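Just so it is clear, the model here is predicted, and its values are computed rather than measured. Nothing fancy with the numbering, it's 1 onward along the sequence.
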Amino acid sequence: MKNILFIIVAAILLLPSCKSKKVATVNEVVISNYSKAKIALSSGEIDLGTDLIDKAIQDNDPTELEELYYLRGFILHAYGKTEDARTYYQKVLDMNTTYSSYSKKAQILLELTYEEEAYKKSKMEEDEKESIHDDKPINIKDFQVIEKQPRFESCPDTTNTEIQRCTNRTLQRHISRNYDSSIGKQFGVQKRTRTYVLYSVNEEGIISHVRARGSNKFLALEAKRVVYSIPKMIPGLQKGEPVSVPYSIPVTYAPY
């Protein structure tokens, strides 16, 4: 009888500890590699965030893969690794997601990688030519007043002043509608940041030679993406012939 009583008392004493263990298990929160990656990136820990993106991709959650591929490509692209970036942009496109914002952006960035590489190659060839003939004086062409500025089809073919006003309005509208301001938050940018994008409208009215100057490489890439996505324009004219016209435009990220 004493033995039975002892067993009952022991069982009663053990009940609270068993119950607390069960509650701890139920309340335990498991954070996915995807969430960890987003937290790391938003804290500015890019290397850690990149490693966690790779782990999250291995987890193979179909609801997250498209964004993960895009982010991985975007990071590689921002660091100048255009060939590797293309692999991930293509993975986004291969998913064939209907009405996907990532797919549209990946397509533009994929095309931008080729444009950037072509521009770098042309600059290297120019530098080589200059080094071969460095004993000769370099002729620097003065900027000329363009006879007819490039314009959007929606802008009237009037004076350069009116064309410029219409072009500026259209550009501002395009940038405000297409710039992904969440990029700053995703990569932990806490302050107002301005990026200057240099580009040309070439003889065919297509945006080319896109470069960016700014303190944050991720915001610079997003600014380049938006500018590169500008629709085809009517090219500028000089002496009645289409010419390439250089431009510079500021793109500002405001976190608030």
When you measure from the centre of the six-membered ring of Tyr114, is the NZ or CZ of Arg86 under 6.0 Å away and within 45° of the axis?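 Output yes; distance and angle both within limits.
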Hphob cluster co-occupancy, [X] + [Y], side-chain heavy atoms under 4.5 angstrom:
X      : Y      : result
Leu110 : Tyr119 : no
Ile46  : Ile53  : yes
Tyr102 : Met95  : yes
Ile108 : Val226 : yes
Leu109 : Tyr79  : yes

Nearest 0.5 Å, what's the [atom1]-[atom2] distance between [X] and [Y]?
X      : Y      : atom1 : atom2 : answer
Thr167 : Gln164 : OG1   : CD    : 7.5 Å
Asp59  : Ser32  : CG    : OG    : 7.5 Å
Arg194 : Leu219 : CZ    : CG    : 13.0 Å
Tyr70  : Tyr89  : OH    : OH    : 6.0 Å
Ser43  : Lys38  : OG    : NZ    : 12.5 Å
Ile207 : Ile230 : CD1   : CD1   : 4.5 Å

Tell me, yes or no, whether the heavy-atom count around [X] atom [atom1], taken from other residues, nucleotides or ligands under 6.0 Å, exceeds 12.
X      : atom1 : answer
Glu204 : CD    : no
Glu117 : CD    : yes
Asp47  : CG    : no

Pair listing, disulfide bond (SG atoms under 2.5 Å apart) test, anchored in [range], at least two apart:
range            : result
residues 182-256 : none
residues 166-256 : Cys155-Cys166
residues 208-256 : none

Would you confirm whether [X], through its side chain, and [Y], through its main-chain N or O, come within 3.5 Å as a donor-acceptor pair?
X      : Y      : result
Arg151 : Gln149 : no
Thr195 : Thr193 : no
Ser35  : Ile31  : no
Glu147 : Leu237 : no
Asn160 : Ile146 : yes
Thr97  : Ser100 : no

How about [X] and [Y]: do any of their side-chain heavy atoms sit closer than 4.5 Å?
X      : Y      : value
Val243 : Pro235 : no
Tyr69  : Gln90  : no
Ile175 : Ile249 : yes

Would Lys104 and Ser229 count as a side chain to side chain contact (heavy atoms under 4.5 Å, CB included) here? Give the steps. CA-CA 10 Å; Lys104 293 177 182 177; Ser229 69; over 6 Å; no
[Y]/[X] salt bridge by N-O under 4.0 Å criterion:
X      : Y      : answer
Lys224 : Glu116 : yes
Lys36  : Glu45  : no
Asp157 : Lys148 : yes
Arg225 : Glu222 : yes

Where [X] and [Y] come nearest, the two heavy atoms and their spacing:
X      : Y      : answer
Gly73  : Ala85  : O-CB, 3.4 Å
Gly236 : Val245 : CA-CG2, 4.4 Å
Lys191 : Tyr253 : O-CD2, 3.7 Å
Leu52  : Ala40  : CD1-CB, 4.2 Å
Ile163 : Pro156 : CG1-O, 3.6 Å
Pro231 : Phe152 : O-CE2, 4.1 Å

What do the steps show when you test Leu198 against His209 for side chain to side chain contact (heavy atoms under 4.5 Å, CB included), and what is the final call? CA-CA 8 Å; Leu198 295 86; His209 297 171; over 6 Å; no
Aromatic plane relationship, Phe74 with Phe218 - under 30° parallel, 30 to 60° tilted, over 60° perpendicular: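 Parallel, since the angle between the ring planes stays under 30°.
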Using the six-membered ring wherever Trp is involved, compare the ring planes of Tyr247 and Tyr199 and label them parallel, tilted or perpendicular (cut-offs 30° and 60°).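 Tyr247 and Tyr199: parallel rings.
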Is it the case that the side chains of [Y] and [X] hold a donor-acceptor pair, with the cut-off being a distance below 3.5 Å and no angle test?
X      : Y      : value
Glu115 : Ser208 : no
Thr63  : Asp61  : yes
His174 : Tyr179 : no

Partner set under ring-ring contact (aromatic ring centres under 6.0 Å, His included) for Tyr88, not counting sequence neighbours: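 Once residues adjacent in sequence are excluded, Tyr88 has no partner under the ring-ring contact (aromatic ring centres under 6.0 Å, His included) criterion.
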Please tabulate, one pair per line, all N/O donor-acceptor pairs under 3.5 Å involving side-chain atoms of residues 180-187, not counting sequence neighbours.
unit_1 : atom_1 : unit_2 : atom_2 : d
Asp180 : OD1    : Ser182 : N      : 3.1
Asp180 : OD1    : Ser182 : OG     : 2.5
Asp180 : OD2    : Lys105 : NZ     : 2.9
Asp180 : OD2    : Ser182 : OG     : 3.3

Test side chain to side chain contact (heavy atoms under 4.5 Å, CB included) on Val197 and Ser248 and set out the steps. CA-CA 6 Å; Val197 182; Ser248 174; over 6 Å; no
Applying side-chain hydrogen bond (donor to acceptor under 3.5 Å, both in side chains), name anything that partners Glu111, two or more places apart in sequence or on another chain.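 Glu111 satisfies side-chain hydrogen bond (donor to acceptor under 3.5 Å, both in side chains) with Gln107 once adjacent residues are dropped.
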Decide side chain to side chain contact (heavy atoms under 4.5 Å, CB included) for His77 and Leu112; before the verdict, give the C-alpha distance in whole Å, the side-chain angles of both, and the deciding distance to 0.1 Å. CA-CA 10 Å; His77 193 168; Leu112 179 60; 4.1 Å; yes
